[in-house]
Structure formats: structure tokens, C-alpha cells
J.: 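Pasting in a structure now, in C-alpha cells, and then I'll have a few things to ask.
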Amino acid sequence: METEIVSELMEHLSDKKLEAALKVNTTVRAAMGEFLRDRGFIEIPPVIFSTVTDPLNHPVYDPSFEYEGTRYALTKSMIFHKQIIVQKFPKIFTFSPNIRLEMPEKARTGRHLLEFTQLDLEVKGATREDLIKLGEELFIHTLEKVSEKHAQDLHDLGRRLSVPCAPFKRYKFEEVAEKYGSEFETILSKEAKEPFWIVDIPLKEREFYDRESDVFPGILNDMDLIYPEGYCEALSGGEREFDLDRIMERIRRKGQTYEQFKWFLEFAKEGLELSTGFGIGIERLVRYICGFERIEDVHPFPKVPGKVSV
Ligand code: ASP
Ligand code: MG
């Protein structure tokens with residue numbers, strides 16, 4: 001088995017598609033970092049394991065280990081670290097490696113890797129509206145840089161990429177779910193020519209940490225950015241719950257335990273202020289830019305759900 005996997009990997013590493021994707025990846029990261037630094041963001045180092053991590057809203061295997069009597073989990077996202085550090089440093093970002101051991105069926109989607117990187121950012125005192133605007137500007141800036149630098153690479157890949165104009169269209173989750181059914185995201189993504197937002201996601205569809213609207217109970221002040229041409233989810237984010245009682249209530253309503261989040265709750269007891277942020281998957285963005293069917297084509301050492309990988 002090892003021989004086969006290694007020869008498949010050697011072939012993949014020599015693939016022209018991978019070379020183009022890695023060049024695009026280099027520009028994407030540089031463009032995003034430059035955009036954020038120019039706006040006063042500071043870059044923090046990633047957290048790879050921790051006593052507390054994102055619970056996510058879907059089932060995954062849970063890699064954790066014990067060190068000197070304390071249990072640590074591999075990072076699924078830095079959501080809690082973002083919310084904590086932003087209290088001190090009001091504009092932060094990081095390129096965060098995340099481990100999400102998805103079920104093998106997820107390989108079918110072409111957009112799941114067990115190990116990926118997201119550009120994760122957070123802004124203290126900002127609202128969803130502010131972050132939607134920032135997200136649009138960041139996305140446009142990145143696509144402009146890539147189009148400038150990689151016209152030839154994209155041409156060689158047969159990819160025609162257009163830079164969208166802001167503001168992007170917005171859809172309310174419940175309205176499109178009612179109109180198109182549970183597969184609305186895929187349906188709308190396939191129809192769309194430009195990226196668009198899904199906003200006002202119901203509580204049961206997301207983790208406890210996104211803030212519930214004061215005006216519309218059961219609805220979160222959050223958002224997803226969806227790629228056009230069937231590439232589906234690009235980014236998700238939202239305003240964060242900062243009130244300790246509301247955080248505890250939300251954990252309870254999810255059927256989760258305070259024990260699971262005790263390290264975060266200790267910080268929340270000290271007092272948190274509103275922050276808003278989002279995370280955008282880098283491999284998915286590169287896949288979209290390159291127009292690839294499968295996400296593994298953008299990563300030199302892809303971890304595909306259900307497959308043995310080097
Ligand atoms: N990093 C978060 C996640 O992976 C996204 C966010 O900022 O809400 O869910
Ligand atoms: Mg989330």
C-alpha cells in the first residue's frame with residue numbers, strides 16, 4: 001500500500017496543476033496579509049492544540065491527547081482564542097491550521113480536507129455589517145492581485161476569473177431554505193455568477209458562540225460567503241456572544257456541557273466585549289480561483305477524508 005500511495009503522491013507533486021495552485025496560494029496569502037496589515041491588523045501565531053477548541057456544528061472524530069495530566073484537543077478552529085485575544089488587541093488575524101477529522105463520505109464533496117488552513121480574523125467592537133464590508137474588500141483585493149500576477153497561469157488552466165463588484169448580494173437563510181429546500185446553498189451557488197452572502201442563520205444551524213439577534217429571537221447575527229459556479233462555502237463568521245449568562249444559556253440549549261468549555265468560560269467571567277470575525281478557507285479559495293473540481297489538487301500533501309495520506 002505504501003508504494004502505491006507514494007507513487008501517486010510523486011505524480012501529484014509533478015502535476016502542473018499543483019504548481020499553478022501553489023503559485024496562486026503564495027499570492028493569495030501575501031495579498032491577504034498585506035491587505036490586513038495595511039488596515040492595522042496584527043498577525044498572531046496559530047494555536048495548534050489547546051484545552052478548548054471549536055465544538056463545530058456537525059460530527060467529526062475528536063483527536064485529543066493527554067499531557068502531564070491535562071487533556072488537549074487539536075485545533076478545529078481558533079474561535080475562542082480569537083475572541084479572547086481581541087479583547088486586548090482589537091484587530092487580529094492568523095493563518096490557522098485546523099484539523100477536522102470528517103467522516104469519509106465528505107470526500108465526495110470535493111471541498112473537504114482533514115487538515116486545512118483558514119485565514120481567521122476578528123475585530124473588537126465591530127458589527128456584522130463592518131465585517132461584511134471588510135470581507136468584500138478583502139476578497140476583491142485578493143482576486144485583483146491574483147488576476148494581475150497569474151493571468152498566464154489561469155489562462156493555462158483554462159480558467160476565466162472575474163473580479164466581482166461590491167456590495168455582494170445577500171439572502172436570508174430562512175427565505176432561501178423555504179424557497180429551494182435544504183440544498184439551497186448548492187442550488188444558489190450553481191446558479192450564481194458572483195459570490196453572495198447568506199445571512200441570519202438560525203440558531204440550530206450554528207455553534208453557540210455566534211450572537212443571537214436582539215430583534216429576531218432564534219436568528220444569529222452571522223453570515224456565510226458562498227462562491228459562485230457551484231463552489232459553495234467560502235467563509236463563515238458572525239458577531240460573537242459576549243454576555244456570560246447568554247453564553248451559558250446557549251451552551252445549555254445545544255446540549256453541551258460547561259465542563260467542555262470551562263477554559264473559555266473562565267475568560268468570559270472576566271468580561272468580554274462584542275467582537276465580530278470570520279474564517280476563510282485558503283485551500284477552498286485557491287480551488288475556486290484555479291477552477292478545480294477537487295480540493296486535493298491545490299495541496300501538496302492533501303488529507304482526503306477516508307484515505308491514508310502521507
Ligand atoms: N473560524 C470560525 C470557524 O471555523 C469561523 C468564524 O470566525 O466564525 O467556524
Ligand atoms: Mg463556525
Side-chain angles (χ1 to χ4, degrees), residues 32 36 41 43-50 52-60 62 73-87 89-102 106 111-136 138-139 173 185 197-213 219-227 232-242 247 250-251 254 256 260-261 264 272 274-285 295:
M32 289 178 138
L36 293 170
F41 282 75
E43 182 168 4
I44 61 163
V47 170
I48 311 281
F49 68 91
S50 167
V52 62
T53 193
D54 195 329
L56 305 180
N57 205 51
H58 68 279
V60 291
D62 243 325
L74 299 185
T75 295
K76 294 191 191 112
S77 96
M78 279 175 58
I79 185 69
F80 300 119
H81 297 81
K82 288 201 299 177
Q83 209 180 342
I84 291 164
I85 197 171
V86 84
Q87 306 299 319
F89 301 97
K91 291 165 128 188
I92 61 97
F93 75 96
T94 181
F95 287 97
S96 169
N98 289 184
I99 305 291
R100 299 185 184 177
L101 301 184
E102 306 283 354
K106 283 281 171 82
R111 59 193 161 86
H112 287 87
L113 290 176
L114 305 178
E115 177 184 66
F116 64 94
T117 299
Q118 58 175 327
L119 169 67
D120 225 350
L121 59 86
E122 195 77 14
V123 184
K124 187 182 179 185
T127 60
R128 173 176 66 180
E129 207 50 47
D130 300 329
L131 269 282
I132 284 184
K133 188 156 179 286
L134 183 87
E136 290 175 352
L138 172 68
F139 189 76
F173 185 104
E185 185 182 305
W197 299 98
I198 302 283
V199 297
D200 292 355
I201 299 165
L203 219 126
K204 73 168 187 346
E205 305 287 342
R206 286 293 179 273
E207 302 84 349
F208 74 82
Y209 50 73
D210 284 347
R211 187 164 166 83
E212 187 175 4
S213 162
I219 298 297
L220 301 170
N221 292 341
D222 61 357
M223 70 288 194
D224 281 0
L225 181 69
I226 312 295
Y227 291 122
C232 294
E233 189 193 315
L235 154 176
S236 76
E239 295 181 7
R240 313 304 177 191
E241 188 49 74
F242 55 88
I247 291 174
R250 294 283 300 282
I251 292 176
K254 276 276 171 208
Q256 290 161 337
Q260 195 182 341
F261 302 107
F264 173 62
L272 297 170
L274 173 70
S275 68
T276 304
F278 59 70
I280 176 164
I282 299 297
E283 291 84 353
R284 287 183 177 182
L285 174 55
I295 196 160

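We use all heavy atoms of the structure for the numbers below, so side chains are in, but hydrogens, waters and symmetry mates are not. For ligands, and for the atoms within them, numbers begin at 1 and follow the listed sequence.
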J.: Give the residue and atom name of whichever protein heavy atom lies nearest to atom 5 (C) of ligand 1, and the separation in Å to one decimal.
T.: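 Result: Ser236 O, 3.2 Å.
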J.: Is the side chain of Thr94 donor-acceptor paired with the backbone N or O of Ile44 at a distance under 3.5 Å, no angle test?
T.: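 Present.
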J.: Any Lys/Arg nitrogen of Asp210 or Arg250 sitting under 4.0 Å from an Asp/Glu carboxylate oxygen of the other?
T.: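 Looking at Asp210 and Arg250, the cut-off is not met.
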J.: Could you list which atoms of ligand 1 come closer than 4.0 Å to a heavy atom of Gly279?
T.: 5 (C), 6 (C), 7 (O)
J.: Kindly give the heavy-atom pair with the smallest separation between Asp200 and Phe173, and that separation in Å.
T.: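 Closest pair (atom of Asp200, atom of Phe173, distance): O-CB, 3.4 Å.
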J.: With a 4.0 Å heavy-atom cut-off (strictly under), which part of Gln118 contacts ligand 1: side chain, backbone, both or neither?
T.: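 Side chain only.
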J.: Assign the ring pair Phe80 / Tyr209 to parallel, tilted or perpendicular, where the plane angle (0 to 90°) is split at 30° and 60°.
T.: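 Rings of Phe80 and Tyr209: perpendicular, as their planes differ by over 60°.
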J.: Considering non-hydrogen atoms of the protein only, which is the closest contact for atom 8 (O) of ligand 1, and what is the distance?
T.: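 Of the protein heavy atoms, Arg240 NH1, 2.9 Å lies nearest.
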J.: For a distance under 2.8 Å, tell me if Ser236 has an N/O/S atom near the Mg ion (ligand 2).
T.: no
J.: What is the closest protein heavy atom to atom 9 (O) of ligand 1, and at what distance does it sit?
T.: Tyr209 OH, 3.3 Å
J.: So which bit of Asp54 gets within less than 4.0 Å of ligand 1, heavy atoms only: side chain, backbone, both or neither?
T.: side chain
J.: Looking only at atom types and distance, does a side-chain atom of Glu102 sit under 3.5 Å from a main-chain N or O of Val60, one as donor and one as acceptor?
T.: no
J.: Looking at atom 1 (N) of ligand 1, what's its closest protein heavy atom, distance included?
T.: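 In this structure, atom 1 (N) of ligand 1 has Asp120 OD1, 3.0 Å as its nearest protein heavy atom.
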J.: State plainly whether the residues Lys82 and Asp54 are in salt-bridge range, i.e. N to O under 4.0 Å.
T.: no
J.: Return the option from Lys82, Met223, Arg100 holding the heavy atom at the smallest distance from atom 3 (C) of ligand 1.
T.: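 Shortest heavy-atom distance from atom 3 (C) of ligand 1: Arg100.
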J.: In the protein, which heavy atom is nearest to atom 2 (C) of ligand 1, and how far is it?
T.: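 Nearest neighbour among protein heavy atoms for atom 2 (C) of ligand 1, to 0.1 Å: Ser77 OG, 3.9 Å.
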J.: Keeping Lys124 on the side-chain end and Gln87 on the backbone end, is there a donor-acceptor pair under 3.5 Å?
T.: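 A pair under 3.5 Å: yes.
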